[in-house]
Chemist: 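Can you keep this structure in mind? I'll have questions shortly.
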2 protein chains.
Amino acid sequence: MAIRQIIDFVAIKAACENCRLAALCLPAGLEAPDLKRLEQLVRRPHPLRRGAALFRASDRMHAIYAVRAGSFRTYYLAEDGREKVLGFYLPGELLGFDGLGSGQHRCTADALETASVCELPLAQLQELADRLPSLNHQLYRLMSQEIAHDQEMLLLLSDKNAQERLATFLLNLAQRFGKRGFSAGEFHLSMSRQNIANYLGLTLETVSRTFSQFQREGLLSVERRHVRLLDKRRLSVMAGPGRPASSSTAT
Amino acid sequence: MAIRQIIDFVAIKAACENCRLAALCLPAGLEAPDLKRLEQLVRRPHPLRRGAALFRASDRMHAIYAVRAGSFRTYYLAEDGREKVLGFYLPGELLGFDGLGSGQHRCTADALETASVCELPLAQLQELADRLPSLNHQLYRLMSQEIAHDQEMLLLLSDKNAQERLATFLLNLAQRFGKRGFSAGEFHLSMSRQNIANYLGLTLETVSRTFSQFQREGLLSVERRHVRLLDKRRLSVMAGPGRPASSSTAT
DNA sequence: GCGCCTCTTTGACTCAGATCAAAGACGCCA
DNA sequence: TGGCGTCTTTGATCTGAGTCAAAGAGGCGC
């Protein structure tokens with residue numbers, strides 16, 4: 001228990017320095033005491049196993065989450081059971097404000113591997129926001145980024161071919177990994193081909209074939225879920241227009 | 001001039017009763033004096049002609065707009081000049097908060113026909129919002145609806161075929177016209193086939209062919225831009241899953 | 001009233017990616 | 001250590017929508 005607390009403490013510290021929570025609180029012009037109060041709100045539930053849901057569509061929203069470790073996927077279910085993958089979330093990224101308007105989540109988030117989060121309880125966050133205009137501003141900014149991401153995806157889905165889609169996706173992941181201190185040239189995909197395909201509006205076969213093709217052309221090397229980008233220059237030419245910054249609420 | 005003022009006055013009154021501005025101010029639990037203050041912010045610029053821009057991508061955002069008459073389209077330009085149509089806005093609908101996060105618009109809005117708006121200047125709106133938590137809430141709700149719309153479109157673009165897309169689009173328009181007191185069964189399309197196609201991720205030829213096909217099958221009658229829906233039941237079966245409520249920030 | 005321009009429709013052909021099918025590859029658990 | 005289930009790759013075939021092309025149909029200005 002004592003050990004566990006030490007570990008947790010280190011983790012919190014690491015998270016708050018790197019993660020998107022910083023964008024939520026630090027540059028918001030909060031005074032030191034306000035900032036401390038915000039940090040006191042943070043709760044840290046137990047880790048989730050692969051496949052476990054962080055929240056589900058139509059759940060009452062009661063927190064915003066920051067990924068601490070592992071990764072998540074959000075998706076939403078059509079009435080007939082088809083699912084649409086909306087995004088992937090890496091350590092340091094925020095998710096869950098899709099329900100800010102209605103108070104209900106509109107999509108489901110589940111863990112792609114064992115993962116843990118920091119939780120910002122909504123009630124207290126809102127109370128704080130009502131007194132701190134700058135906090136509201138941060139929330140607008142975050143929702144705005146969500147919109148930006150979705151609109152990039154609209155462009156990708158209506159204009160881009162399979163190669164452009166996959167290249168865009170990989171470069172975006174690389175950028176996000178890089179920004180969080182991981183390697184931007186070599187990484188592990190925590191999502192299946194099926195999930196990538198669904199996210200990109202393709203079939204898993206097409207994704208698989210396109211990976212193989214990229215490898216044949218020397219753009220990258222791939223073995224199952226391990227990817228190394230060998231020629232980012234050429235990849236970004238392939239990815240086509242629209243900042244490669246697409247792929248998730250991430251920035 | 002006197003006459004013009006009278007007309008304007010009537011128009012304001014009509015707009016504030018029907019339009020989405022109501023969702024922004026009326027049910028927000030504002031006290032009467034606050035509400036009056038909000039209404040005093042409203043400005044009414046001159047009408048725009050077909051093709052004229054209400055705001056442009058990368059413009060500094062200085063207002064939220066409510067469509068008073070006519071209709072608008074929003075689109076955004078990729079670096080290579082390709083454009084992607086993001087949405088259409090009918091009388092009573094709100095647009096322009098894509099820039100709430102950054103203070104800059106991310107897309108361009110232009111008039112599809114002669115059109116006019118009510119304008120809520122951002123500076124004053126924000127000032128008011130900083131003192132009225134419920135107004136912030138309304139803004140969250142509106143942004144949230146924008147996200148909901150975009151996500152419906154993601155589903156449409158990755159899963160639906162041409163017929164499903166067009167059926168979804170037409171039913172959505174019908175629903176929105178109906179909600180605003182126009183006929184939900186028969187209406188005029190203010191946007192070209194090209195715009196519809198771009199919005200739906202198709203080519204204009206495919207849109208045109210699909211219209212013809214629907215007509216052959218007795219689902220609707222169409223002549224240029226005049227559409228009459230003859231069998232909504234069957235159309236909504238065609239449209240497939242996902243509330244037909246897609247198509248714009250509208251609700 | 002004529003000519004021009006934009007928008008729309010329709011046809012013929014092509015192709016990227018979906019679908020169908022089957023065979024490896026790996027991880028997990030008993 | 002072996003067997004099973006899931007994930008991935010690869011091949012063969014099919015098809016919906018894109019592309020290219022051409023002809024009608026309004027609308028508008030002169």
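Computation of the quantities below employed the complete heavy-atom set of this structure, encompassing side-chain atoms and omitting hydrogens, waters and symmetry-equivalent molecules. Lettering of chains follows the sequences in order, A, B, ..., and the numbering in each one begins at 1.
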Chemist: First locate atom CZ of B:Arg225, then atom CZ of B:Phe187, and finally report the distance between them rounded to the nearest 0.5 Å.
Modeler: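 Answer for the CZ-CZ pair, B:Arg225 versus B:Phe187, is 13.5 Å.
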
Chemist: Counting distance alone, no hydrogens or angles: does the base of C:dG11 have a donor or acceptor under 3.5 Å from a partner atom on the side chain of B:Arg209?
Modeler: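 Yes.
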
Chemist: Return the 5'-most residue of the pair B:Thr206, B:Arg50 with respect to DNA chain C, ranking by each residue's nearest nucleotide.
Modeler: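 With B:Thr206 and B:Arg50 compared, the 5'-side residue is B:Arg50.
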
Chemist: Can you run down the ring-ring contact (aromatic ring centres under 6.0 Å, His included) pairs that involve residues 206-241 of chain A, sequence neighbours left out, and say none if there aren't any?
Modeler: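 Residue pairs with at least one partner in residues 206-241 of chain A: there are none.
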
Chemist: Under 30°, 30 to 60°, or over 60°: which ring-plane class applies to B:His149 and B:Tyr199, parallel, tilted or perpendicular?
Modeler: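 If you compare the ring of B:His149 with that of B:Tyr199, the planes turn out parallel.
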
Chemist: Is B:Arg73 salt-bridged to B:Asp110, going by a charged N under 4.0 Å from an acidic O?
Modeler: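 Salt bridge present between B:Arg73 and B:Asp110.
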
Chemist: Taking only N and O in the side chain of A:Ser192, is any of them less than 4.0 Å away from OP1 or OP2 of D:dC7?
Modeler: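 No, outside the criterion.
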
Chemist: Let me confirm one number: the CZ-CG distance from B:Phe177 to B:Leu229, rounded to the nearest 0.5 Å.
Modeler: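 It is 10.5 Å, given to the nearest 0.5 Å.
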
Chemist: Give the rounded distance in Å between these two atoms: CG of B:Leu166 and C1' of C:dT9.
Modeler: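 Rounded to whole Å, this separation is 15 Å.
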
Chemist: Atom CZ of A:Arg193 and atom P of C:dG24: how far apart are they, to the nearest Å?
Modeler: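 In whole Å, C:dG24 P and A:Arg193 CZ are 19 Å from each other.
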
Chemist: To the nearest angstrom, how far is B:Leu204 atom CG from D:dA22 atom P?
Modeler: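 Distance check: B:Leu204 CG to D:dA22 P gives 17 Å.
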
Chemist: What parts of residues 210-225 of chain A reach DNA chain D, counting only heavy atoms under 4.0 Å away?
Modeler: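 When residues 210-225 of chain A is checked for heavy atoms under 4.0 Å from DNA chain D, the hits, listed by number, are A:Ser212, A:Arg224, A:Arg225.
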
